[in-house]
Every structure is written in C-alpha cells, then in structure tokens.
> 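I am attaching a structure below and will ask some questions about it afterwards.
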Amino acid sequence: MDETLNLTLKGALLLLVILLAVGLPRLGLAAQVRHLRQMRRRVLLEDALKYLLSSSYQEQQVTSHALAGALDISHARALNLVAEMESAGLITSHTSGLRLTPSGESWAVQVLRAHRLWERYLLDEARMPLQHLHREAERAEHRLSREELDALDAHLGYPRQDPHGDPIPTASGVVPASQSKSLLDFPLGEPAVIHHIEDEPAALFNEILEMGLRPGSLVRLIERGERQLKMEIDGQQVTLAPVVAASIQVAEAPPPEPEREALVPLTELPDGQQARIQEIDASCRGYTRRRLLDLGLTPGARISPELSNAFGDPRAYRVRGTLIALRKEQAQQVLVKPTNQTSTPRNGEEHALTQA
Amino acid sequence: MSRSSPLPPEQVLEVADRLQRSIGDRFRDQIVESIYDEAEAISNSVVRQQDAGGVDWEQRIDRLVTSPIFGLPLMLLLLALVFWITIVGSNIPSQWLAQWLFWVEAKGSALFDAMGIPWWITGFLWHGTYRGLAWVISVMLPPMAIFFPLFTFLEDLGYLPRVAFNMDWLFKRAGAHGKQALTMAMGFGCNAAGVVATRVIDSPRERLIAILTNNFVPCNGRFPTLIMLAVVFVAAAFPPAFASLAAAGSVVAIVLVGVVFTLAVSWGLSRTVLRGEPSTFTLELPPYRRPNLTRILYTSFIDRTIFVLWRAITTAAPAGALIWILANIQVRDANLARLIADALDPLGWAIGLDGVILLAYIIAIPANEIVVPTMLMVYMGVGMMVDLPSLSALRTLLVDGNGWTMLTAVNLMLFSLLHNPCATTIMTIWKETHSRKWTMVGALMPLAIAFIVTFLTAGIARLLGLV
C-alpha cells in the first residue's frame, strides 16, 4: 500500500517537473520552440521580401521557382510562402511574375535599412573586419524591432551610406538614388572615386579588398581591354578582370584640394618634428573618430611625436600639453602639415605661439 | 508659441529628414572642435605658464622607462620587487594573524564544550565555518594589504601607463589591448580585482578578452601552493647549492607559462568568438606625480582589499562548513571526503593528479587558499583543515604516503595556474559583464584548458616512461 503511494507520488512529481520544463511561459521548452519557429518564419519572409525588392530594382521578373532557388527552399515551400505573403497583402501575382505591394515594399526597404545600418555599426562601433560584415548583418537584420532600429539609426548619427557605399534608406522608407556608374562604363583617364563595392560573392569582394581598394579610394582608369582593365591607385598600377570591375561602382572624383598635397600621416613625422593637425581621415569613423577628437586631436591642434616604443609601435605624441600614445593604425588616419620648427617646445612656448 | 502655421507631422518629418541629410557627416567633428577652441580661448586668457627652464626631468624619465634597452628589464625588476616585498613582508603578519585567529577558535570551541553543547554543533561552527574563514583571512589579507598599496603607488606615480605603452606590441599581436598588461599585473594580487580593473579598457571586445584571460595569472591565493610545490619537489631534485634558485626559477617559469597562455588564449578568442580588428589604442601618458599617500591607502584598502576580502569571506565560510561536513560524516569505515576522493581517483589519475587533489579543488572553488589545507586533511584522515607540517614531513606524507611523483607536482602547478577561477572571481565576472554566457565561458574555458593540458603532460610523461 505504502509502496504504491510512494510510486504514485514520485510519478506525479516527475510529471510536474516535465510539465514545468515544457510548459513554463517564456522559459519552457514549448515557448522556446515557438519562439524559434517564429524567428525562422520571419527570416524566411524578410529574405523573400528583400529578394523581391532587389529584383524589382534590377527589373527582373520573379517567379515562385526563382524565389525557391534564391532562398534555397523547395518549390512547394516557396508556393506556401507566396500564398502566405499574398494573404498578408505583401505581394500580388501577375502574369509577369510576383510583385511587391506598397506595404510589402516598405517592409522590404526596412529590412534593407536594417542590413545596412548593421553593417555600419559592425564596422564603426564593433570594428569588425570589412569582409565579415555582410554575413553578420545577414543574421542581425531580422532581430530588431522597428523602434530598436530607429534607435540604432540615431545612435550612429543617421549615416547615409553603408560601408560598401550603398545608400541607407531613411526611416520614412526613402531610398536615396545613387549617382555612381560601373567602372566598366567610366571614361578613361578621368579621376574617379570608388562609391560602392558589391559584397557578394564574398570571394570576389575579398579579392578587391586585397588589391587595396575601398569605398572612397581615388582611382584612374588607364586602359580597358577585352580581357583586363588597367587602373592606377595611389600611384601604383593594378590590373583586374572585367568581372571584378563589374562589382565596382565609381563616380567623378571631386577636384583635388591643393591643401591636401602637403599633408602627411602622423606616422611619417620624425621624432620632435612639429606639425599642425589638418584633418582626420574620412575612413576613420564612429568610435575611433570620437575617441581621437575627445583626446584633443582636433584640426588646428599642434602635435609632435615624442616617444617611440622599442618596436616602433605605438608612439606617443605631445598634443595640447599631454602625451597621447597611438597605434600605427590610428596615427595613419591623422593627417598633419609639418611646420618649420623641429625643436620640442614645452607648454610655455606652445602657449606663446597660440597667443601670437 | 508658434509664429508660423504649424506643419502637419508628416511634413515635419520630411523636412527633418532633408535637413539631417544636408548637415553632412562632419557636424560632430565641428561640435568637438568648437568646444576645444572655446576651452583653449578661456585657458589662454586666464592661465599664464612659466617657462620651467633647465632639464626636463619628465622627458628624461620617460625616455628611460620606455627605452628599448632598459624599458623591459626595469619593468620586470619592479614587478619582481613588488612580489618580493609582498611575499617576504606578509610572512610574519600572516603567522600572527593565524595564531590569533586559531587561538580564538580554540577558546571558542572550549567554551562551547564547557557549556555542554553537542560536539557536532561545536565542530560545524568552530572547526568548520570559522576555521575556513580564519584560514582564508590569514592567508589572504596580509599579502593583499601589501600588494595593493604598492600597486596603487605605481599607479598614482604615473608609471603604469608606461608599462601599457611598452607592452602594447605584444598584446596587439594577440588582438588585445595594451592595458591588459595592467589588469594582468593586478591579477597577481587578486583575479577578481584584475577583472574589475579591466574597466580601464574602453573597447568592449578587448575588455572581454582581458576579463576571460585574467585567470591565467596566478593570484596571491595560488602563490603559496606554487611556492610550496617548488620548494618541496623542484628544489629537492637539485643539489642544495642550486635548490633555492631552482625553486624561484620554477615559480617564474610557471608565471611565464601563464603569460604565454594569456596571450595564446587572447589570440584564439580574438580570431574566433570575439572576432574584430585589433582596435583603437589610445592611451594617455599622464605627467609623473608625487603619489598621494592618503589616497593610495584609501584606494588600496577600501576599494580593493576590503572589497575582495568581503567577497572571499562570504564564500569561504560556507566552504569551511562543507569541508567539515565531508570530513565528519562517516559512511561505514571512511568519511565522505575519502569516499568522494576515491570515486574521483580514475579521473585524477588520467590528468596526472589524484582524487584527493580534485576533491580539494572542487571544495576550494570559493577560495583557492584552502586547497592545500583541505588536501592535507583528507590525506591525514583528520576532521578539520590542517596546517603544513615541516617540509620534510610534508614530503614524506605526499611522496611515500600518497604516491606523489614529479609529474603530480608539475601537473598540480599547471592545474593550479590554469583551472577555473574562484567563486569570487566568477561572481565578479558576472557583475562586470552581466552576461550568463560570458560568465560560463570565463569559468569553464580555463577548466577545460587545465584538463587538456594536464592530460597531455601526463600522457606524454607516461609514454616517455618518465614516471
């Protein structure tokens, strides 16, 4: 009698534990699975929207077969997805293929916005290498709510371009038009500035990065042949295949500023050489830029290298009366104009100069 | 209020959108620039600076401490000096403190006995909880009370940023931050304090690396174990003339192994889970200052010593109680501690240690100071933590009585260096990161590394027939 009671109690306890583990709101197994499935559904839906949006930019027709191929799902599943999106009023089917409705398009634009803002964040604030941005942003773009996305935008200071040079849509869903053209169509001999480097496929993107090309780099086309293009960057010639050139978008370079000619990066100043800071390179953004400015490395400030590490890196610079140590990577982004003095004046002298 | 007719909200947003796009990227720069210009103008109008004239001492000192030839040796010398003062200086106060605290224990338990309180209450409270507490305080307090003021002195002097400046190239290669050198130095005092000290690293990624690897620097609580092993085993393997040198050398070697692991794990982390550019390194090298004694004492005692001690106390007392329970519950003819140790023996053997050592490390998660006393308690089969007997008696007990070899000693040193941080440090990691995930990584990654490394050394030693 006791035995059975004991067993029943144990059984009931076990059952209770299992029930709790499965059914507990938020923490339970069932809630977790439900959450995971909802996430998966959102990812699939948003990827479909994004695909439809980019196809509509390129004026390509999208069939359910193409959709299945792009999202790497079975055709049956793609048909389900299409039906679901149609009933949600996101797309409509036409004889020419699938098309986004206005509400579908505005959602798709927000996904695009999330992707590009994430890339900006990952590069500027988390300082992730350029070639890892796209993959990380592909995952992160589905995670934020609309409010969180707006907060991210504000936090980044409403950037206009992603690290590859693509325009970032505004909160109201406007996608700014790009004025760049493909490197393949750009006139020979004209100075050009790289606006955009396509980040897919990744192998091609990495190849371009390894050549030292970045959005913002100044280039000049020298020769365009059937098989290869010759191009000048930073006084060096590089050759690239047309297929590589096709993923680079360029625009007319702004006229060169005469001032820029005399500028040298901080790293090239010899010890004790006085200089005046002219600017911090535009490629230095986000956290790093704020930090440099906060330390007083603002344009106009006087600076001179004072201490070198045994290994040459980092170096310490005297600026505004304090010693600030910088690694080579940061010092390279500070552009200065050497002044004639080579002595190392102390605060007093510097003070006298600024008053003069 | 409004002077013109109000715009509808959509248009306001539109205008704001347009304006925001026309501002350009430079407006933040301009804000900072104008603040600096303003500050400079104010300072120019009210501050007059005298030309100091003569030799610029500060610059000379800077050139010396960062020089390629003297910089590194000077740093190592200072670090060695700080250690030496700490170890030598804390010996005597530690003994006094221990004598006094254990005298209180003896009186307290005698009083309880006289009052006719059952033995197990006396044992649990006095020989368990109180003894654990007393042990941790007497081993931990004096070195910390010496190390932290010395460290704070160097900090206040302005020397420490120069260390970060000197060491940065090494950490840069590991994808970490030069200031990690400082948090590591702090870790010699206490890993929990080292973890708190990572607040000086402003980039979250590098800070997390510094937090997760701080444990590979042996703290004050682990040094006694390392020194004991060096003296009893390594020194004994050398002729007497070289014995003390060999002992010191092996402690230095194990510290260097710790530094190598710190850099290697930092490197691994920054290329896998914490991937990112070796990021912004900006470091202000402040002018040298005459240290302010009251501030040094305040910072080192209140912020560091008391903080760490309090956390250790809250975890050591329950550990002491647990140890007493394990040692005093008899199952058939052995106590619980012995039984658990026997069960852990195969695992211990696999990594060149034994079950008792593993048990001591499990119990000593709250505070590493009690590892050796707990180990000796189980080996000797007594009911409470016991002090080190004389060195020769200790050697006899470990080698002849319990089958220790050189492998056991070396692996125990490695395990002590690499294993999971103590509960205090784990709690601190949690407080600093507020992340369950990183706290788990911080606790389990070193443990896994310790197991793998000791397993490998044991395997290699056995394969080569060294043991």
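Bear in mind the structure is a predicted one, so any value in this text is a computation, not a measurement.
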> Using a strict 4.0 Å threshold on nitrogen-to-oxygen distance, state whether B:Arg205 and A:Glu125 make a salt bridge.
no
> So what's closer than 4.5 Å to chain B heavy atoms on A:Thr288: side chain, backbone, both or neither?
both
> Using a cut-off of 6.0 Å, state whether more than 12 heavy atoms not belonging to B:Glu38 lie near its atom CD.
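No, because the 6.0 Å sphere around CD of B:Glu38 holds 12 heavy atoms or fewer from other groups.
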> May I ask you to test the B:Phe165-A:Leu307 pair for a side-chain heavy-atom distance under 4.5 Å?
yes
> Could you check whether atom NE2 of A:His35 has more than 12 heavy atoms from other residues, nucleotides or ligands sitting under 6.0 Å from it?
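For A:His35, atom NE2 is not crowded (no more than 12 foreign heavy atoms under 6.0 Å).
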> Return yes when atom CH2 of B:Trp267 has more than 12 non-hydrogen atoms of other residues, nucleotides or ligands closer than 6.0 Å, and no otherwise.
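No, CH2 of B:Trp267 has 12 or fewer neighbouring heavy atoms, counting only those of other groups under 6.0 Å.
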> Would you call B:Glu284 and A:Leu323 a side-chain contact if the rule is heavy atoms closer than 4.5 Å?
no
> Could you tell me if the side chain of B:Asp202 sits less than 4.5 Å from the side chain of A:Tyr287, heavy atoms only?
yes
> Hey, could you give me the OG1/OH distance between A:Thr298 and B:Tyr36, rounded to the nearest 0.5 Å?
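Those atoms lie 7.0 Å apart.
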> Would you mind telling me which of B:Ile69, B:Leu285, B:Val32 has the largest number of heavy-atom pairs within less than 4.5 Å of chain A?
B:Leu285
> Does A:Arg146, at its CZ atom, have more than 12 non-hydrogen atoms belonging to other residues, nucleotides or ligands within less than 6.0 Å?
yes
> With rounding to the nearest 0.5 Å, note down the distance linking CZ in A:Arg327 to OG1 in B:Thr282.
10.0 Å
> What's the spacing between A:Phe311 CZ and B:Met167 CE if we round to 0.5 Å?
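Answer for the CZ-CE pair, A:Phe311 versus B:Met167, is 9.0 Å.
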> Check whether any side-chain heavy atom of A:Glu329 sits under 4.5 Å from a side-chain heavy atom of B:Phe281, and report yes or no.
no
> Under 4.5 Å, counting heavy-atom pairs only, tell me which of A:Ser172, A:Ala316, A:Gly300, A:Ala331 racks up the most with chain B.
A:Ala316
> Tell me, do B:Leu283 and A:Ile324 make a side-chain contact under 4.5 Å, heavy atoms counted?
no
> Kindly check if the number of other-residue, nucleotide or ligand heavy atoms within 6.0 Å of CE (A:Met39) is above 12?
yes
> Side chain from CB out, backbone as N, CA, C, O: work out which of these in A:Ile280 comes under 4.5 Å of a heavy atom of chain B, or both, or neither.
neither
> Is any side-chain heavy atom of B:Thr66 less than 4.5 Å from a side-chain heavy atom of A:Asn309?
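Side-chain contact under 4.5 Å: no.
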> Checking A:Leu133 against chain B: side chain, backbone, both or neither under 4.5 Å from a heavy atom?
neither
